[in-house]
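The structure appears right after this line, and notes come after that.
Hydrogens, waters and symmetry mates are skipped; everything else that's a heavy atom, side chains included, is used.
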Amino acid sequence: MTPDATDRAILNRLQDGFPITPAPFAAVARELGLTEADLIARLERMKAARILTRFGPFLDAEAMGGAFCLCAMAVPEADFETVAAQINAYPQVAHNYARAHRLNMWFVLATETGDEIAAVAGMIERETGLRVLRFPKLREFFIGFRVAA
């Protein structure tokens, strides 16, 4: 599937944010001269075609009073899927992914407090028997990355 001009307009518009309203898809659809159903159908089609890989809010846990931390583990390949399932069972794990590196499992902990980061990392270490390395954010840089469709 190749995106048409309307698909490109949708992709460009959604990089500028998504309204927080009772009917956000309807609001964006109106801006673009579409119906809400057409906008949603186009987003679903682009996601199925892997033009979009994810769509949703990016919430800053710290700005809402919470905490987050990038973590990494060195997981034996034979245990990778088991450990991934153990980690994913924690609601504080925002996502995890594999890397081709000695530290082959990376994930983000998002918690209500900074102290909870240490507590959850400790629970994961006890459950898996593997060390959780924590890489807290020291400084934040805003890049403003956009890709014109």
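Scanning all heavy atoms of the two residues, the minimum distance from Tyr90 to Glu127 falls at OH-OE1, 2.6 Å. When all heavy atoms are compared, the tightest approach of Pro136 to Cys69 is N-SG, 3.7 Å. In this structure, Ala74 and Pro76 approach most closely via the heavy-atom pair O-CD, 3.9 Å.
Rounding to the nearest 0.5 Å places CE of Met73 at 7.0 Å from CE of Met105. Here Met46 contributes atom CE and Glu44 contributes atom CD; the two are 10.5 Å apart, rounded to the nearest 0.5 Å. A distance of 6.0 Å separates CD1 of Ile87 from CG of Asn96, quoted to the nearest 0.5 Å. In this structure, the separation between CZ on Arg42 and CD1 on Ile51 is 11.0 Å, given to the nearest 0.5 Å. Of the inter-residue distances, the one linking Leu34 atom CG with Arg13 atom CZ reads 12.0 Å to the nearest 0.5 angstrom. Distance CG/Leu43 to CZ/Phe25: 6.0 Å, rounded to 0.5 Å.
At a threshold of 4.5 Å between non-hydrogen side-chain atoms, the residues Glu116 and Leu109 do not count as touching. Counting heavy atoms from C-beta on, the side chains of Cys71 and Leu133 never come closer than 4.5 Å. Counting heavy atoms from C-beta outward, Phe68 and Thr111 have side chains that stay 4.5 Å or more apart. Within the 4.5 Å cutoff, no side-chain heavy atoms of Phe107 are placed close to those of Leu70. Val108 has its side chain out of reach of Val93: every pair of non-hydrogen atoms, C-beta onward, lies at least 4.5 Å apart.
Hydrophobic cluster membership is shared by Ile10 and Met1, with clusters built from Ile, Leu, Val, Met, Phe, Trp and Tyr side chains linked at under 4.5 angstrom. Under the 4.5 Å side-chain heavy-atom criterion for grouping Ile, Leu, Val, Met, Phe, Trp and Tyr, Leu130 is connected to Phe80 within one hydrophobic cluster.
Checking side-chain atoms of Asn12 against main-chain N and O of Arg8 turns up a donor-acceptor pair under 3.5 Å. A donor-acceptor pair is defined here as one N or O able to donate and one able to accept, closer than 3.5 Å; no such pair exists between the side chain of Asn104 and the backbone of His101. Between the Asp79 side chain and the Thr82 main chain, no donor and acceptor come within less than 3.5 Å of each other.
The aromatic rings of Phe135 and Trp106 lie parallel to each other, their planes meeting at an angle below 30°, with 60° marking the opposite boundary.
With respect to the salt-bridge test (charged N to carboxylate O, under 4.0 angstrom), the residues Asp38 and Arg45 do not qualify. Ion pairing between Glu125 and Arg131 fails under the 4.0 Å rule for side-chain N and carboxylate O.
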What's the verdict on side-chain contact (heavy atoms from CB on, under 4.5 Å) for Val28 and Glu36, showing C-alpha distance, side-chain angles and the deciding distance? CA-CA 8 Å; Val28 171; Glu36 181 180 28; over 6 Å; no
Would Val83 and Ile124 count as a side-chain contact (heavy atoms from CB on, under 4.5 Å) here? Give the steps. CA-CA 9 Å; Val83 172; Ile124 291 171; over 6 Å; no
Verdict with reasoning, Leu11 to Leu52, per side-chain contact (heavy atoms from CB on, under 4.5 Å): CA-CA 9 Å; Leu11 293 170; Leu52 291 172; 3.4 Å; yes
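Counting non-hydrogen atoms of neighbouring residues, nucleotides and ligands closer than 6.0 angstrom, the CD atom of Glu112 reaches no more than 12 such neighbours.
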